[in-house]
Each structure stands twice: as structure tokens, then as C-alpha cells.
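What follows is a set of notes on a single structure, which appears directly below.
Order of the sequence lines sets the chain letters (A, B, ...), proteins ahead of strands, with each chain counted from 1.
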Amino acid sequence: MTSESKPAHFLQNIIREDLAEGRVSRLATRFPPEPNGYLHIGHAKSICLNFGLAEEFGGVCNLRFDDTNPAKEEEEYVDSIKRDVTWLGFRWAGDIKYTSDYFDQLHDWALHLIREGKAYVCDLSPEDARHYRGTLKEPGKNSPYRDRSVDENLELFEKMKNGEFEEGQCSLRAKIDMAAPNINLRDPVIYRIKKMAHHQTGGKWCIYPSYDFAHGQSDAIEGISHSICTLEFEDHRPLYDWFIENLPVPAQPRQYEFARLNLNYTVVSKRKLKQLVDEGLVDGWDDPRMPTLSGQRRRGVTPAAIRNFCEMIGVTRSDSVVDVGMLDYSIRDDLDKNAPRAMCVLEPLKVTLKNYPEGKREVLSAPGHPVRDDLPARELPFTGTVYIEKADFREEANKKYKRLVLGKKVRLRNAYVIQAEDVVKNDAGEIVEVICSVDLDTLGENPADGVKPKGVIHWVSADENLDCEVRLYDRLFDDPAPDAGGKNFLEHVNPDNLQVLSGCKAEIGLAKAEPEKGYQFERQGYFCRDSHYGSADKPVFNRTIGLRDSWAKEQNK
RNA sequence: UGGGGCGUAGCCAAGCGGUAAGGCAGCGGGUUUUGAUCCCGUCAUGCGUAGGUUCGAAUCCUACCGCCCCAGCCA
């Protein structure tokens with residue numbers, strides 16, 4: 001099944017048995033977002049689950065926009081959702097579906113319930129309805145309109161449909177049980193008046209079905225066998241089943257619930273994300289720090305990383321908070337295997353190679369990847385002046401420091417071994433240049449004396465390089481649970497979530513880097529060109545994630 | 001006793017009566033022209049708590065405890 005012999009989760013077990021025992025002939029699932037916002041990492045779990053199950057069991061998965069509330073939905077969101085699902089690498093079965101495609105059928109079924117004496121038009125205002133509903137511990141009481149005749153209900157519902165009532169003046173309710181311990185069964189509203197245009201049906205309707213009345217029936221219409229949703233809908237299942245049992249639907253879908261994804265150091269609530277955007281704390285919904293799929297994509301996170309992450313966190317019914325470290329691992333894991341290598345000096349320090357022939361220029365070759373020989377080699381111009389990282393030189397240091405030290409040797413990655421001979425400082429006493437000697441016999445060879453330098457540092461020619469800007473992102477929040485309890489998440493925004501570095505020097509090949517395409521800047525991390533900022537000759541690179549850094553860990557001890 | 005769920009390591013998660021998988025993180029070591037990757041080792045006498053049944057319990061029973069969800073004409 002899951003080839004790596006990873007144990008099956010409860011939904012896989014249920015489906016396998018349903019298929020084996022013939023209760024279901026073909027698996028059909030659906031991913032049913034309401035087009036009222038952007039998809040985020042939490043949605044990815046549901047997408048991977050629904051589409052993944054369909055792939056695994058040879059079934060199908062529909063993409064259905066659950067668009068029963070025109071007040072909250074917009075076409076813009078359906079477009080971004082389609083883009084994000086596609087980006088993750090999934091294909092929905094047939095055409096895109098909309099719950100609004102079924103408004104006629106749903107309306108017929110509402111009529112059916114009325115004729116059966118199982119639905120009635122209620123004139124209670126929303127506030128009064130709330131009082132009649134009772135509380136968590138006390139039963140509700142029947143609406144005074146509960147016993148209207150079928151004919152009267154038919155007539156009133158027709159008037160609702162024709163726009164003869166104002167919003168909130170009345171609603172259509174299922175007649176179930178006002179004393180039910182499950183509040184969802186206390187005569188739930190199944191149609192309400194909303195005098196507004198719908199992004200799909202335009203001005204055709206002024207009454208719209210509720211989620212509860214639309215969802216299961218839409219599943220039945222589409223032949224969905226397993227309707228998978230999150231835990232908070234658990235209490236709706238009896239209602240879901242009630243409609244399926246009391247309506248002449250063409251299929252008998254079943255609802256199953258799983259625990260939604262929670263990630264520490266992360267906030268995904270639409271309202272909160274919007275606040276970050278509105279208050280200018282981030283650059284927009286696709287800011288690379290956002291947990292939205294569009295933000296993660298712009299940051300350089302790959303679809304495979306997200307899919308593997310969803311695979312590794314599992315699917316259960318227990319609430320949990322996954323450590324973002326797992327997502328980080330998944331991102332590094334995928335990028336390490338697939339990202340071409342490159343060199344980029346973030347904070348340049350000039351190094352002059354005093355014995356490198358005056359005016360000489362050569363082109364060195366470097367592998368595109370340490371083990372992937374299918375990735376093309378790179379050409380690196382080498383000249384007598386190069387830049388290295390400021391942090392890679394010290395006048396003196398203990399033996400733990402494996403970089404360039406005055407009087408000591410280090411290897412320039414993919415090039416020669418050099419030795420620091422002297423430093424040049426400015427009036428402020430800052431090191432502005434290092435004078436080195438270069439051992440011209442060390443290209444691809446160890447030094448003749450047989451002593452291998454312990455350190456290897458990255459570099460770029462000072463004469464031929466790509467000037468660029470680099471944006472180093474860190475986690476958006478510095479608190480593991482920024483919005484837990486009564487906390488104000490805005491007070492836990494990490495002040496160091498972005499560091500912008502300009503004047504960075506990258507190897508020239510990076511000039512043709514494409515947005516979203518990841519590179520490993522060796523010894524630093526994974527980066528991709530930003531899709532919004534930068535120009536052809538001066539690109540902006542986003543750091544997707546840093547390399548694991550045991551040196552930093554060592555220093556913090 | 002309002003109803004519905006869930007409790008296995010720092011985190012995620014297998015396990016379904018035969019003596020605690022795996023992954024992430026951590027720790028120790030090896031390889032390495034990336035302080036990366038990779039490789040090896042290590043990490044729960046313990047499964048929310050207390051009783052009980054049993055030759056044997058994370059698994060069964062009882063009682064407690066803790067956490068989550070539900071009172072939109074939102075989804």
C-alpha cells in the first residue's frame with residue numbers, strides 16, 4: 001500500500017475494508033474549500049489526504065467550492081485555490097465543482113422535506129431563535145411556527161424564494177428535535193435569505209442553503225463515498241446522516257473526521273493573517289513569511305516538501321501541535337536532494353591573492369550537485385581578487401574555528417588553497433582587505449606538503465560576479481503559541497523575522513535563476529529568486545531556509 | 001452525568017491480550033573540498049491516574065483526572 005511499509009492510518013483502514021467488503025465500489029473523495037480566503041499549510045494536510053487517498057486506492061477526488069454564502073466569497077479566491085492545488089501537484093477529477101451547481105436540486109429537496117412535514121418556515125428573528133434554541137445544558141423549545149401546514153410552508157417558502165421577505169425575517173428549518181442534546185439537531189436552519197449576488201449564480205437566488213443542508217447532499221450528487229472533514233464537524237454528522245436518510249439522494253456518502261494541522265510558531269486564522277497584512281507587518285498574502293501556500297511557494301518551499309511533510313505527520317483524531325522543525329526538515333530534505341549548488345557571499349570581504357599572475361583570469365568548473373551528476377556543472381571565473389564572507393576570516397582563533405586565520409590556510413571551495421599573510425584596516429580599525437598567497441598547485445589536489453586545510457570557504461571573483469540583494473527570513477513569531485489563550489499574537493511577532501542584505505555577491509550563473517527555483521548557496525542555506533522584487537541585473541534572493549548549523553550550536557554552548 | 005471527541009518520549013505517531021515500531025528534535029561517533037548531506041550508535045521497565053480481570057494488560061473492565069469541539073440565518 002504505502003510502499004515504505006509505513007503503517008496505515010485509520011482512514012486508510014476504513015477505506016480498505018469498505019472496498020474489500022464491497023460497501024464501496026470506488027473511492028471518491030473531495031476537497032471542499034469555501035472560496036473565502038487563501039489556502040495555507042493547514043489546508044495542505046486536507047488536500048494531501050483527500051487527493052492522496054484517491055491516488056492510493058485508484059479512486060477520484062473532486063475539487064468542489066463550497067460556495068453557499070455569497071457574503072464571504074469571491075472569484076479571486078477560487079482562482080488562487082485552483083492555482084495552489086495544482087501547484088501541490090494534484091489533479092481533480094473532471095470539471096471543477098461548485099455547490100452552487102446544485103442549488104436547483106437542493107431547492108427541490110427542501111420542497112421535498114416541506115411536503116414530508118419535515119421542514120417549516122420559521123418567522124423567529126435570529127435573536128429569538130437563539131433563545132428558543134436553549135443552551136448547552138438546557139433543551140430548547142419549539143418555535144411557535146413549527147406546526148404550520150405543508151401548504152402554508154410551501155407558500156411561504158415560495159415567497160422567500162421570490163424575495164418577498166427581508167433578510168432575517170424568516171428562514172426554512174428542518175423539523176427534528178428541539179430537545180436534542182446535540183444542538184445541531186435543534187431544528188437547524190437549512191435556507192436563509194441573502195439578497196445579494198453570487199459569484200457563480202449571479203442574481204438568480206436570494207435564498208441560499210446552509211452548509212449543513214448543502215454539504216452531504218452535494219457529496220451524494222457527486223457520488224462521494226468518503227466525505228472527509230475536520231473534527232469540529234463531528235457533531236454535525238448526525239445531521240449529515242439525517243438529511244441523507246430523509247431525502248431521495250442518489251448515494252449514501254459517509255462523513256469521517258480527522259484532526260486538523262496545528263503548527264507551533266505559526267498562526268493560520270484568516271482574521272489574524274489579514275491583520276498582519278493590513279498592518280503592514282508583512283508584504284501581502286504571499287509574503288514569504290506567511291503560512292499561505294502562495295507565501296511558501298514564493299519563499300522557495302517545494303510541493304514535494306509539503307507533501308512529504310503531510311505524509312510524515314500522520315492522520316489521526318487526536319489534537320496535536322506539530323513542531324515547525326518537522327516542516328523545516330522536510331524542506332531541507334527535498335532541497336538538499338534537488339537544488340543545484342551555487343556560491344554567494346552575503347557580507348563580502350576583499351581578498352587579494354598577491355602571487356596570482358597579474359591580469360590572469362581562468363574559468364574553473366564546479367559540480368552542480370555533490371551527488372546528482374545529472375545537474376550540470378557550473379563555470380566559475382577566478383581572478384586575483386575575490387570576495388569571501390566577513391565571518392570567514394579572523395586575525396586569530398582557536399583550532400575549533402575552521403576558516404581563514406592570519407598565517408593559516410584554508411581552501412576556497414572548488415578552487416585553490418590560500419594562506420592569509422596580512423590584513424589591511426581602515427581608520428576605524430575594521431578589516432577591509434586580507435592579503436593572501438595562493439598555492440597554484442592545489443586545484444583539485446591536496447597541498448604538496450600533504451597537509452589538508454581543515455576549512456573550506458565559499459568565495460566569488462571580485463571582478464566577475466552578480467550583485468544582488470538577499471533577504472534572510474526567520475520565523476514570523478518568537479512564541480511557540482502566539483495566539484494561545486488570551487495572548488495578543490501581534491505582541492509575539494519576531495522582530496528579527498527579516499534581514500535584508502544588499503551588496504551581496506553571487507556567482508554569475510545565478511543571473512539566470514528563475515523565481516521559486518531553489519538553489520543551495522553552499523554553507524548558507526537554500527535560496528530562490530523573488531518573484532516580485534529585483535531586476536534582471538540585480539536580483540533579490542529569498543532564503544527559503546538555512547542549512548542545519550552545528551557550528552552555531554557549538555558556539556552557543 | 002448537556003452532547004461529542006481525545007490522552008503512548010520534548011514533538012508527531014505505530015500498537016487492537018504475549019511483554020513499547022518509525023520519524024523529527026537531542027546526545028555521542030565516523031566519512032566529507034559545504035561546520036551541509038550521508039553513515040553508525042544512543043534516547044519510554046514506560047503508555048493520563050488509581051483500582052480490577054488475566055499466567056500475562058498500552059491493549060479488557062471500573063472509577064477518577066486533564067485537554068479539545070458545539071448554543072451563526074458562518075463554513
| request: Once you apply the 3.5 Å cut-off to both distances, tell me the Watson-Crick or G-U wobble partner of B/rA57, or none. | output: none
| query | Looking at A/Arg192, does any N or O in its side chain come under 4.0 Å of the phosphate oxygens OP1/OP2 on B/rA75? | reply | yes
| message | Taking the P atom in each of B/rG56 and B/rG51, what is the distance between them to the nearest angstrom? | response | 16 Å
| note | The nucleotide from B/rU37, B/rU34, B/rG35 with an atom nearest the side chain of A/Asp336 is B/rU37
| task | Could you check A/Leu547 against A/Phe10 and say which one's nearest nucleotide on RNA chain B is further toward the 5' end? | result | A/Phe10
| request: Give A/Val321 one of three labels, base, sugar-phosphate or nothing, depending on what nucleic acid heavy atoms sit under 4.0 Å from its own. | output: sugar-phosphate
| said: Can you check the distance between B/rC55 and B/rG22, where both ends of the measurement are the C1' atom (answer in whole Å)? | reply: 31 Å
| query | Base, sugar-phosphate alone, or nothing: which one does A/Phe233 contact when heavy atoms must sit under 4.0 Å apart? | reply | base
| query | P atom, B/rG5 versus B/rA20: distance in rounded Å? | reply | 32 Å
| task | Establish, with yes or no, whether the OP1 or OP2 oxygen of B/rC6 is under 4.0 angstrom from a side-chain nitrogen or oxygen of A/Arg317. | result | yes
| said: Strictly below 4.0 Å: does A/Arg413 bring a side-chain N or O up to OP1 or OP2 of B/rU32? | reply: no
| field | Which nucleotide in B/rG2, B/rG35, B/rC74 has an atom nearest any side-chain atom of A/Ser550 | value | B/rG35
| query | Per the atom types in the model, does the base of B/rU33 pair as donor or acceptor with the side chain of A/Arg411 at under 3.5 Å? | reply | yes
| Looking for any heavy atom pair under 4.0 Å, which part of the strands does A/Tyr526 touch: base, sugar-phosphate only, or nothing? | nothing
| request: Would you classify A/Gly444 as touching base, sugar-phosphate or nothing, given that sugar-phosphate means primed atoms plus P, OP1 and OP2, and contacts are heavy atoms under 4.0 Å? | output: base
| task | Just call it for A/Leu327: base, sugar-phosphate, or nothing, with non-hydrogen atoms closer than 4.0 Å on any strand. | result | nothing
| field | Spacing between A/His131 atom NE2 and B/rG72 atom P, to the nearest angstrom | value | 10 Å
| said: Both distances below 3.5 Å, Watson-Crick or wobble geometry, any strand: find the nucleotide opposite B/rU45. | reply: none
| request: Remember a base hit wins even if backbone is also touched, and classify A/Ser320 as base, sugar-phosphate or nothing at under 4.0 Å, heavy atoms. | output: sugar-phosphate
| said: It should be established whether A/Lys194 places a side-chain nitrogen or oxygen under 4.0 Å from OP1 or OP2 of nucleotide B/rC74. | reply: yes
| note | Assigned chi class of B/rG72 under the 90° convention is syn
| said: Taking B/rG29 as the reference, what is the distance to B/rA36 when you measure between their P atoms (whole Å, please)? | reply: 13 Å
| task | Tell me whether the OP1 or OP2 atom of B/rA75 has a side-chain N or O from A/Ser210 closer than 4.0 Å. | result | no
| query | Nearest 0.5 Å, what's the CD-CZ distance between A/Glu232 and A/Arg260? | reply | 4.5 Å
| Is A/Tyr211 stacked on the base of B/rA75, with ring centres under 5.5 Å apart and planes under 30° apart? | no
| said: Any carboxylate oxygen within less than 4.0 angstrom of a Lys/Arg side-chain nitrogen, looking at A/Asp333 and A/Lys337? | reply: yes
| remark: When rounded to whole Å, the CD1 to C1' distance for the pair A/Ile313 and B/rC12 reads 8 Å
| field | Separation of the C1' atoms in B/rU59 and B/rG41, to the nearest angstrom | value | 31 Å
| message | Is it the case that atom NZ in A/Lys272 sees more than 12 heavy atoms from other parts of the structure closer than 6.0 Å? | response | yes
| task | Record whether the side chain of A/Asp235 comes under 3.5 Å of the base of B/rG3 through a donor-acceptor pair of N or O atoms. | result | yes
| said: Mind checking if A/Asn414 touches a base, just sugar-phosphate, or nothing, with heavy atoms under 4.0 Å? | reply: base
| query | Just by distance, with hydrogens left out, do A/Glu74 and A/His199 show a side-chain donor and acceptor under 3.5 Å apart? | reply | no
| query | Can you tell me the Watson-Crick or wobble partner of B/rA71, both distances under 3.5 angstrom? | reply | none
| note | Of the listed B/rA71, B/rA13, B/rG3, the closest approach to the A/Pro181 side chain comes from B/rG3
| task | Look at all strands and tell whether A/Arg403 reaches a base, only sugar-phosphate, or nothing, counting heavy atoms closer than 4.0 Å. | result | base
| query | How far does the P atom of B/rG15 sit from the matching atom of B/rG7, given to the nearest Å? | reply | 12 Å
| field | Verdict with supporting geometry, A/Gln520 and A/Leu547, side chain to side chain contact (heavy atoms under 4.5 Å, CB included) | value | CA-CA 9 Å; A/Gln520 184 194 94; A/Leu547 255 27; 3.7 Å; yes
| query | So, A/Ser100 and A/Asp67: side-chain donor and acceptor under 3.5 Å apart, yes or no? | reply | yes
| A/Pro126 side-chain proximity, nearest of B/rA21, B/rC73, B/rC74 | B/rC73
| So, is A/Thr316 close to the B/rA13 phosphate, meaning a side-chain N or O under 4.0 Å from OP1 or OP2? | yes
| said: I'd like to know if A/His236 reaches the base of B/rA75 with its side chain such that a donor and an acceptor end up less than 3.5 angstrom apart. | reply: yes
| query | Taking N and O atoms by type only, does the side chain of A/Gln520 place a donor or acceptor under 3.5 Å from a partner on the base of B/rU34? | reply | yes
| So does A/Arg332 get a side-chain nitrogen or oxygen closer than 4.0 Å to the phosphate oxygens (OP1/OP2) of B/rU37? | no
| query | Going by distance alone, is a donor N or O of one side chain under 3.5 Å from an acceptor N or O of the other, for A/Glu158 and A/Asn162? | reply | yes
| Out of B/rG3, B/rC12, B/rU37, which nucleotide sits closest to the side chain of A/Met326? | B/rC12
| G-U wobble or Watson-Crick pairing nucleotide for B/rA9 (cut-off 3.5 Å, both distances) | none
| query | Is the closest basic N to carboxylate O distance between A/Glu257 and A/Arg237 below 4.0 Å? | reply | yes
| query | For A/Asn338 and A/Arg372, does a side-chain donor sit closer than 3.5 Å to a side-chain acceptor? | reply | yes
| note | By nearest-heavy-atom nucleotide on RNA chain B, the more 5' of A/Thr442 and A/Glu167 is A/Thr442
| query | Is there a donor and acceptor pair closer than 3.5 Å between the side chain of A/Arg548 and the base of B/rG35? | reply | no
| request: Considering only atom P, compute the distance from B/rC47 to B/rG10 and round it to an integer number of Å. | output: 13 Å
| task | With heavy atoms under 4.0 Å as the rule, sort A/Arg341 into base, sugar-phosphate or nothing. | result | base
| A/Leu136 near the nucleic acid: base, sugar-phosphate alone, or nothing, with a heavy-atom cut-off under 4.0 Å? | base
| said: Surrounding NZ of A/Lys97 (heavy atoms of other residues, nucleotides or ligands, distance under 6.0 Å), is the total greater than 12? | reply: yes
| message | Taking the P atom in each of B/rU31 and B/rU45, what is the distance between them to the nearest angstrom? | response | 33 Å
| said: Using a heavy-atom cut-off of 4.0 Å across all strands, would you classify A/Lys337 as base, sugar-phosphate, or nothing? | reply: nothing
| request: Provide, to the nearest angstrom, the distance between the NZ atom belonging to A/Lys402 and the C1' atom belonging to B/rU33. | output: 11 Å
| Is any side-chain nitrogen or oxygen of A/Lys553 closer than 4.0 Å to OP1 or OP2 of B/rG35? | no
